[in-house]
Amino acid sequence: MTGTVGFVGLGVMGQPMAVNLARAGMPLLVWNRTASRCDPVVAAGAERAGGSGEVFARSEAVVLMLADEPAVDAVLGRGTPEFATGVRGRTVVQMGTFAADYSRALAEDIAAAGGSYVEAPVSGSRGPAEAGELIAMVAGDDAAVARCRPLLAPLCAEVFVCGAVPSALVTKFAVNLFLITMVTGLAEAVHFAEEHGVDPALLNRVLDAGPMASAVSRGKAAKLVRRDFAVQASIADVLKNNQLIAAAARSRGTAAPLLDVCHALYGETLGLGHADADMAAVIHALRARTRSA
């Protein structure tokens, strides 16, 4: 891929991803609804677009890292004449996490308009995004996937080809199910230790020394010990992911009892006012349950 690459959606994840593309020397054109989010990416070498329409008009491929399905539809002009004009002859690389059925329908619409679609959700939070160490799962036709690989190289430590759309998203759901239940279990363990007078810092050292230690457990345990809930993956985003996975499970009649418990706990954490806190803040729901018992 030698032409200009567009990037739309410079949130918690998208901004550091776009910065890494710019630093890698990719000819990058960026746009975000909140214009100031473009500033660090422009400082890294990108060009600022005047709107999403300009991004599509000038780019060979466009990366989307947007919050939800309506935001994607709005940026693409889906359902309007501008949609076909924008996507025709271009590769749309959709890196957000949305419903599998939505992604399948979007792929069909883009193909019908003469464009190419690659589904490329990533595993990892803000830290790996900043370090260029995300894990990507990609789906789409072979030629489109091959075209997007140079875009993923500055962003990802590993890229896994999953097959046809929406297989990458379904794989991401399985990964996130493990992540959500693991972090929730860790928060419950720390809460249990607190309630029994065990020093959480001591528990952290024991866990780090044992076979269950991982990059995730080390990072989240440290946040729980410090009571540092600066966001890497927010409660609101985790709850959204939980809901997507639960819907996918229901569509196949798949039992997911641990996910159901997590769904309730993240909903309670959101209700306690921690929507923008890191997912480790689920411990607040556990503490609230203990106080009300």
Chemist: When hydrophobic residues are tied together by side-chain contacts of less than 4.5 Å, even through go-betweens, does Val138 share a cluster with Met17?
Modeler: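 Yes; Met17 is reachable from Val138 via cluster members.
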Chemist: With the side chain counted from C-beta on, respond yes when Phe98 and Leu106 share a heavy-atom pair under 4.5 Å apart, and no when they do not.
Modeler: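 They are not in contact (no side-chain heavy atoms under 4.5 Å apart), so the answer is no.
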Chemist: Minimum heavy-atom separation for Pro200 and Val190, please, with both atom names.
Modeler: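 The pair with the smallest heavy-atom distance is CB-CG1, 4.3 Å.
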Chemist: Is there side-chain contact between Leu265 and Arg289, with heavy atoms separated by less than 4.5 Å?
Modeler: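 Leu265 reaches Arg289 side chain to side chain.
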Chemist: Out of Asp208, Asp278, Asp228, which residue meets the salt bridge (Lys or Arg N to Asp or Glu O under 4.0 Å) rule with Lys220?
Modeler: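 Looking at Asp208, Asp278, Asp228, the match for Lys220 under the salt bridge (Lys or Arg N to Asp or Glu O under 4.0 Å) is Asp278.
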Chemist: Answer yes if Val8 and Val93 sit in the same cluster of Ile, Leu, Val, Met, Phe, Trp and Tyr residues linked by side chain heavy atoms under 4.5 Å apart, and no otherwise.
Modeler: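 Each belongs to a different hydrophobic cluster.
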Chemist: Is the shortest heavy-atom distance from the side chain of Met13 to the side chain of Val122 under 4.5 Å?
Modeler: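 The answer is yes; the side chains approach within 4.5 Å.
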Chemist: To the closest 0.5 Å, what do you measure between CD1 (Ile245) and CZ (Phe178)?
Modeler: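 CZ of Phe178 is found 13.0 Å from CD1 of Ile245.
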Chemist: Val159 and Phe7: same hydrophobic cluster, using ILVMFWY side-chain contacts below 4.5 Å?
Modeler: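 Same cluster: Val159 reaches Phe7 through Ile, Leu, Val, Met, Phe, Trp or Tyr contacts under 4.5 Å.
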Chemist: Arg287 and salt bridge (Lys or Arg N to Asp or Glu O under 4.0 Å): which partner among Glu195, Glu268, Glu194?
Modeler: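 Output: one option passes, namely Glu194.
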Chemist: Show your working on side-chain contact (heavy atoms from CB on, under 4.5 Å) between Val5 and Glu60 and close with a plain yes or no.
Modeler: CA-CA 6 Å; Val5 173; Glu60 177 183 344; over 6 Å; no
Chemist: If every non-hydrogen atom of Leu28 is compared with every non-hydrogen atom of Ala18, which pair is closest and at what distance?
Modeler: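 Of all heavy-atom pairs spanning Leu28 and Ala18, the closest is CD2-O, 3.3 Å.
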Chemist: Distance check, rounded to the nearest 0.5 Å: Glu119 atom CD versus Ser167 atom OG?
Modeler: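 So the gap between those two atoms works out to 6.5 Å.
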Chemist: Could you check if a side-chain atom of Leu203 sits within less than 4.5 angstrom of a side-chain atom of Asp199, using non-hydrogen atoms only?
Modeler: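 No, their side chains stay 4.5 Å or more apart.
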Chemist: Is any side-chain heavy atom of Glu47 less than 4.5 Å from a side-chain heavy atom of Arg58?
Modeler: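 Side-chain contact under 4.5 Å: yes.
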Chemist: For the pair Lys240 and Asp68, find out whether any cationic side-chain nitrogen is under 4.0 Å from an anionic carboxylate oxygen.
Modeler: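 No, Lys240 and Asp68 are not salt-bridged.
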Chemist: With a 4.5 Å cut-off on side-chain heavy-atom distances among I, L, V, M, F, W and Y, is there a chain of contacts connecting Ile180 to Leu272?
Modeler: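 Per the 4.5 Å side-chain linkage, Ile180 and Leu272 are not co-clustered.
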Chemist: Taking the side chain as every heavy atom from C-beta outward, state whether Tyr266 and His274 have any atom pair closer than 4.5 Å.
Modeler: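 When only atoms from C-beta onward are counted, His274 and Tyr266 do not touch, as no gap falls below 4.5 Å.
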Chemist: How long is the straight-line distance from SG of Cys162 back to NZ of Lys172, given to the nearest 0.5 Å?
Modeler: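 Between atom NZ of Lys172 and atom SG of Cys162 there are 11.5 Å.
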Chemist: Is it true that Arg104 and Glu108 have a side-chain N and a carboxylate O under 4.0 angstrom from each other?
Modeler: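 Looking at Glu108 together with Arg104, the answer is no, because their closest N to O distance does not fall below 4.0 Å.
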Chemist: How close do Ala280 and Leu224 get, heavy atom to heavy atom, and via which atoms?
Modeler: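 Closest approach of Ala280 to Leu224, heavy atoms only: O-CD2, 3.4 Å.
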Chemist: Can you give me the closest heavy-atom contact between Pro16 and Gly11, atom names plus distance?
Modeler: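 Closest approach of Pro16 to Gly11: CD-O, 4.0 Å.
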Chemist: Same cluster or not: are Leu29 and Val41 linked, directly or through other Ile, Leu, Val, Met, Phe, Trp or Tyr residues, by side-chain heavy atoms under 4.5 angstrom apart?
Modeler: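 Per the 4.5 Å side-chain linkage, Leu29 and Val41 are not co-clustered.
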Chemist: Under 4.5 Å between any side-chain heavy atoms of Ser217 and Met212, yes or no?
Modeler: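 Side-chain contact under 4.5 Å: no.
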Chemist: Going by heavy atoms in the side chains, are Pro121 and Met95 under 4.5 Å from each other?
Modeler: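 Sidechains of Met95 and Pro121: no contact.
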Chemist: Is there a side-chain contact (heavy atoms from CB on, under 4.5 Å) between Phe173 and Thr97? Walk through the geometry before answering.
Modeler: CA-CA 9 Å; Phe173 292 164; Thr97 303; 3.8 Å; yes
